[in-house]
Amino acid sequence: MTSLLIKNAAAIMTGLAGAAARHAGPDIRISAGRIAALGALTPQPGEQILDATDCVIYPAWVNTHHHLFQALLKGEPLGLNATLTPWLAATPYRFRAGFDAASFRLAARIGLIELALSGCATVADHNYLYYPGQDYDSSAILFEEAARLGLRFVLCRGGATLTRQLEAELPQALRPESMAAYMADMERLASQFHDPAPEAMRRVVMAPTTPPYSMQPGELREAAAVARKLGLRLHSHLSETVGYQDSVNAMRGISPVRYCESIDWLGADVWFAHLVKLDPDEIALLGATRTGIAHCPQSNGRLGSGIAPIRTLEAAGVPVSIGVDGAASNEAADMISETHVAWLMQRAKGGEAAQPKFRGGAGEAGADAASVEDVIRWGSSGGAAVLGLPAIGSLAEGQAADIAIYDLSRNPRYFGLHDLAIAPVACGGSAHLRSLLVGGREIVREGAIPDLDMAELAAEARAATRALIRRAEAA
Ligand SMILES: [Zn+2]
């Protein structure tokens, strides 16, 4: 097998921590889908060369929370200025019964393409389109679309055995599944798709949509036990807004994280999306149990949920990763805009907490709350850690060759920089993706997916969006 030599990179970010966050390179050799060497390397006879002059190299991104079906629900007017609970009723829950196999597949395709074009190689999707009598297999469609593009895919199998009040009042309410049907499908998915390998292309995760609302406590405890017996991880939403604190307090008289402790839903094999609103003892408990987070700053901003205390969580021991969340609550479900916002929001949060010295505060603060290296680590090796895929997410010898190469010579946004390595995250925008490699295979070349007709995809998206609106209005 011939090897590939990436030559002359302007900078290499590894996704690792501390001094290892940058590698002097300037070259990377890839052989048999893995990183064979980093350094100043001499071409070997017959070796393929990729000239990376003016390019910066990142580990391909790992997105740990998404709802791909929402790619056809962006900017939906009734939910655009609503907080989480009314937004759920107005947008995803009002529209989801209107999806069929074709529109679901199209939405997944659009979302996965958007991610790939931002340099993302691994996608964990929290899919909750499951109901009795459903005439299409949404799980299989997601795996098929990811495989078609060559991306790694982690199916977080959502769903519910209870109907949430906010949905019950909608004419389009989907009926919940029975616990027996849910568990039978989990066993089917695990046997059909789950690969425990450290660089698996396909994984399955137990992920009832939202612990306080989706299942009874006994069912959640059973779900956790079944997942652990099958060797599957656990994922869900938690503490996205103060609404979680109110609901769990009213239902159980405790905090959301304490509730999860009571149903065996904490641990190094669990990660939650959001974790924005937390009491100090909840942060300590998440850290002590090594329960992870998918930080989704764009969605948290769009819905007015707040800013997750990422530095405090990480200091407590919580593994940190980044998720774009569904495109119905952020309108830009790509990893560059998400990491750019993560970088800014943690700093803004630090500044928000600052107090003037004359009032006993410490003065200006916040700018050291998140470095570009931190954000890259959260979005790459951090994601690999919460997904349990240790062979991806960092650029080091022996790791899978999941690599994003950004060419900074095409766009004035990236000119004049004193440190090119920070450009894709610090400048945001859309750095030209020279190449995206997944296991050494080129998925994106010169900002495009080979053989993809973008104009045709746009026309399909317009037609499908119109049809979804018609169906929602007719209900
Ligand atoms: Zn979500």
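Values below: every heavy atom of this structure, side chains too, minus hydrogens, waters and symmetry copies. We count ligands from 1, going down the list as the structure has it; atoms in each ligand are counted the same way.
A cation-pi arrangement, defined by a distance under 6.0 Å to the six-membered ring centre and an angle within 45 degrees of its axis, is present between Arg157 and Tyr182.
Under 4.0 Å is where a charged nitrogen must lie from a carboxylate oxygen, and between Asp402 and Arg152 at least one such pair does. Between Arg96 and Glu167 there is a salt bridge, since at least one side-chain N of the basic residue sits less than 4.0 Å from a carboxylate O of the acidic one. With respect to Glu114 and Lys74, a salt bridge is recorded, a charged nitrogen being found less than 4.0 Å from a carboxylate O.
Protein atoms of type N, O or S found under 2.8 Å from the Zn ion (ligand 1) total 4.
Between the side chains of Ser380 and Tyr58, no donor-acceptor pair of N or O atoms lies under 3.5 Å.
Remark: His66 engages no residue in a ring pair (Phe, Tyr, Trp, His ring centres under 6.0 Å) (not counting sequence neighbours).
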